[in-house]
Colleague: 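I'd like to ask some things about the structure below.
Reminder, nothing fancy here: chain letters follow the sequence lines and each chain counts from 1. All figures in this text were calculated on a predicted structure; none of them were measured in a lab.
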Amino acid sequence: MLSYIAKRLAMAIPTLLIVITASFFLMRVAPGGPFDGERQLPPEIEANLMAAYHLDEPLPMQYLRYMGNLFQGDFGPSFKYKDFSVTDLIAQGFPVSLELGGLAIALALLLGIPMGVMAALKRNSTVDYLLMGTALGGIAVPNFVIAPLMALFFGVILGWLPVGGWNGGALPNLVLPVVALAIQQIAYIARMMRASMIEVLGSHFIRTARAKGLNERQVIWRHALRPAMLPVLSYLGPAIAGIITGSVVIEQIFGLPGIGRYFVQGALNRDYTLVMGTVVFYGVLIVLMNLIVDLLYSLFDPQIRYDD
Amino acid sequence: MLSIRSLLSALALSSALFTPQLYAQTLNIGIIGEPASLDTSQVSGGVWEADVLMDFFEGLITKDPEGHRIPGVATSWDISDDGMTYTFHLRDDAKWSDGKPVTAKDFVFGWQHMLDPASASKYAYMLYPVKNAEAVNTGKIPADQLGVESLDDGKTFRVTLKEPAPYFLGILTHYTAYPVPKHVFDQYGQQWTQMDHIQTNGAYKPTRWVSHDHISAEKNPEFHDAANVAIDTVNYYPTEDRNAGISRFRAGELDVMREYTSDRYQWLKENLPDATHMSPFLGSYYYVLNHRDGHPTADIRVREALNLAVRRDVMSKQIMDNTFLPATALVPPGTNHYETQHMTLDGDDMNARMAKAKNLMQAAGYGPDKPLNLRLRYNSSDEHKKIAVALAAMWKPLGVNVQMINSEATVHYQAIQNGDFDVARAGWVADYDDAENFLTLLHTGVGNNYGAWSNPEYDRLLDQANITLDEDKRAGLMQQAEQVALGDYALIPLLTYVTRNLVNPELQGWEDNVQDDHPSRWVSFKK
């Protein structure tokens, strides 16, 4: 098991290097630069800026400098948010995104899995149609539509919950964004769970279990549920990495200080260091989440073992 | 009996304990972006940064609620007869929030810091009228040769200019001219704006900053006018999604929401009439015409025809729901000591105008057989798109085929700075209340002169105005210059910006003004 983990981590290094290198150069190919704006700067001021951020050096030199700093854990200064380093911004924003995303995923699993199982068991019944219809709605309606509507209804009209703001992560401030983030995930997980449950229930080992005389509850809980979870599990790796690195839509609508917006804003502002910082961070998270998911497989599927 | 009495006294005590809190006033402001820094040399130039900085720092000159210039750290000033030397007398009770006095040395240092090449400040050029400023900023000479000095043990601040700049006092209200606490900078260097380190000389001092969440500030008891500052705490919430900001305002989470989107104006006016503010703003929305060789817009007949065909009233009323005002000049109405000019467009009879425009196009060699193909650039936004589409429709009857190119702001401005367009959207919001700030946009060789329009007479008049001290004479020269530009159809003036704010009707001291400046020190809740 340990040697497997070590091998996977070692394999992740070249992957990350390629991602970082490609991102670094692609970012520079994008037209415009970090200091292009409505007001053209006098050439001497632009020269000062380029020098301050070493942008006047040849590109390979800049790349080596960036990689050198990165290996020392330094993401560099943000070109835009001068009072914070990229590390500061990620360190401040990630806990927010993690809390929001973590709660949203938990809510999605808590509701999505039972919904899918129930729909599979009552296949082609009213319950099934109702649940899957709702799920389809959840997938079809984007969260930039649902979130403002929820804010309007529960915040402005009913006045039950705050419309926006983080407020240090107070529970009332969390409710709307977490639900808005979870809705689509609930829907995906429910549909995935239903499909795989139906497939598992039709397989030979379930027939054997039934033939042994086990009652339906034992068949489902003891034999069907775990293998049926496998597709959900493989979906969860990238999904969790995606959701805990923040959602630019939800963060903007609810005015939350997560890191999702840095992907978009960093790119729009040509804030090279901020974009690189978020890419590296996201890359590492994806690699880690995929590894964790692969390890979890062994718990859910007896055919998979990571023996030394 | 005793227990009842003790209960009553306990109640009285607790109410006495809690009473003061009832009077603590908190102001929640939705600003439209995240400030890049609290160091004035490091900001990106957004209006939201000015919103915050004007509460934290005070310059030599400041503004009253209506935006008029009033003494700030300087109580009075003398200007030498040649207009080259400004001597400011600083107030005795000006203090930093740690109680240390604000002296002329803090201004000397602040301005040197702004111009230090190592600061790489985007806005350093605002101080270029000061003697040697440009040379210092380009690293040619050391900062101590900048034309500023501290006299009388820091009680007097003297500025020597490169040449007379009658707009200089206007610049002093801009944040580039704020002081920097030298004693704090000496101790912490670039880290001086960290919450544990920063000291301010304005009405408020920041206490907490969570990036992209909020900045909290408390009243600065050392501020010289602290006795008249009513609000105790100000929270600034970066609210990039303005529709979400409107919801937060309606839910009572914000007392002020800056710059609501223009498409919500009608709804807001009907549903929140007391809270919806709109007033003229010193900002021009215009289209640049490319004067470089090879572009059809280098031909004055084409430029006049394009200008004639634009129905600015329709643009303002029907297209933009009255959230912009029609404009026929570059310098917006309401500019200090300046009479608004107008482009000659032969009245409101559109039929006559279109007939003339068609003739001009024909004379320039365009017609049904040879349509004019125009490359129009705008930066992506719903507002800009609406206006660009309307323009294309208005030019259609002239036989103009418009090819529209929209791109994100970064790409847009790079493209138009490189001259890659025929007509392009641009805008300018005044840094200081003076026509010169707008007219410079058309001066030969200026970076923001995207269309590369060049006219020796215009340059001469403007240069002359910039060294003329008599206000009336100077205004006359600038007005003449603008007439030269408008007569040559140098650009397509289109609209004047308006300020758009949602303001809690319970607030007083919050006044609409042409620069949309609203220092919190003047604001209070009624009752």
Colleague: Measuring heavy-atom distances to chain A, does B:S407 have an atom under 4.5 Å in its side chain, in its backbone, in both, or in neither?
Modeller: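 Answer is neither: B:S407 stays 4.5 Å or more from chain A.
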
Colleague: Measuring heavy-atom distances to chain B, does A:A52 have an atom under 4.5 Å in its side chain, in its backbone, in both, or in neither?
Modeller: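 Just its side chain gets close to chain B.
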
Colleague: Under 4.5 Å from any heavy atom of chain B, what part of A:P162 do you find: side chain, backbone, both or neither?
Modeller: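 The answer is both parts of A:P162.
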
Colleague: Do you know the tightest heavy-atom contact between B:T410 and A:G32?
Modeller: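 Shortest heavy-atom separation between B:T410 and A:G32 comes out as CG2-CA, 3.9 Å.
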
Colleague: Please name the pair of heavy atoms, one in B:A251 and one in A:V163, separated by the smallest distance, quoted to 0.1 Å.
Modeller: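 Looking at all heavy atoms of both residues, the closest pair is CB-CG2, 3.3 Å.
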
Colleague: With a 4.5 angstrom heavy-atom cut-off, could you sort out which part of A:P31 is near chain B: side chain, backbone, both or neither?
Modeller: both

Colleague: Are B:N137 and A:N48 side-chain neighbours, meaning at least one heavy-atom pair lies under 4.5 Å?
Modeller: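 The answer is yes; the side chains approach within 4.5 Å.
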
Colleague: Calculate, to the nearest 0.5 Å, the distance between atoms CH2 and NE2 belonging to A:W166 and B:H212 respectively.
Modeller: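 The CH2 atom of A:W166 sits 15.5 Å away from the NE2 atom of B:H212.
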
Colleague: Less than 4.5 Å to any heavy atom of chain B: does that hold for the side chain of A:Y262, its backbone, both, or neither?
Modeller: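 Answer is side chain: those atoms of A:Y262 sit under 4.5 Å from chain B.
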
Colleague: Measuring heavy-atom distances to chain B, does A:Q265 have an atom under 4.5 Å in its side chain, in its backbone, in both, or in neither?
Modeller: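 Contact with chain B involves the side chain of A:Q265 alone.
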
Colleague: Do A:K82 and B:V43 pass the side chain to side chain contact (heavy atoms under 4.5 Å, CB included) test, and can you show the C-alpha distance, the side-chain angles, and the key distance before you say yes or no?
Modeller: CA-CA 8 Å; A:K82 306 286 182 65; B:V43 299; over 6 Å; no

Colleague: Could you tell me which portion of A:L49 (side chain, backbone, both or neither) has an atom closer than 4.5 angstrom to a non-hydrogen atom of chain B?
Modeller: both

Colleague: Could you grab the distance from atom OG1 of B:T239 to atom CD of A:Q252, nearest 0.5 Å is fine?
Modeller: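 Here the interatomic distance stands at 10.5 Å.
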
Colleague: Measure A:F84 against the heavy atoms of chain B and call it side chain, backbone, both or neither at under 4.5 Å.
Modeller: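 Only the side chain of A:F84 comes within 4.5 Å of chain B.
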
Colleague: Could you tell me whether a side-chain N or O of A:D83 sits under 3.5 Å from a main-chain N or O of B:L38, the two making a donor and an acceptor?
Modeller: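 Yes; at least one donor-acceptor contact below 3.5 Å.
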
Colleague: Can you name the closest pair of heavy atoms from B:D213 and A:N167 and give their distance?
Modeller: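 Answer, listing the atom of B:D213 first, then A:N167: OD2-N, 4.4 Å.
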
Colleague: For B:E34, which atoms come within 4.5 Å of any heavy atom of chain A: side chain, backbone, both, or neither?
Modeller: both

Colleague: Relative to chain B, which segment of A:I253 carries a heavy atom at a distance below 4.5 Å: side chain, backbone, both, or neither?
Modeller: both

Colleague: How close do A:I45 and B:A124 get, counting heavy atoms only, and between which atoms?
Modeller: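 Smallest interatomic distance, heavy atoms only, reads CD1-CB, 3.9 Å.
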
Colleague: Ion pair present between B:E240 and A:R261, side-chain N to carboxylate O less than 4.0 angstrom?
Modeller: yes

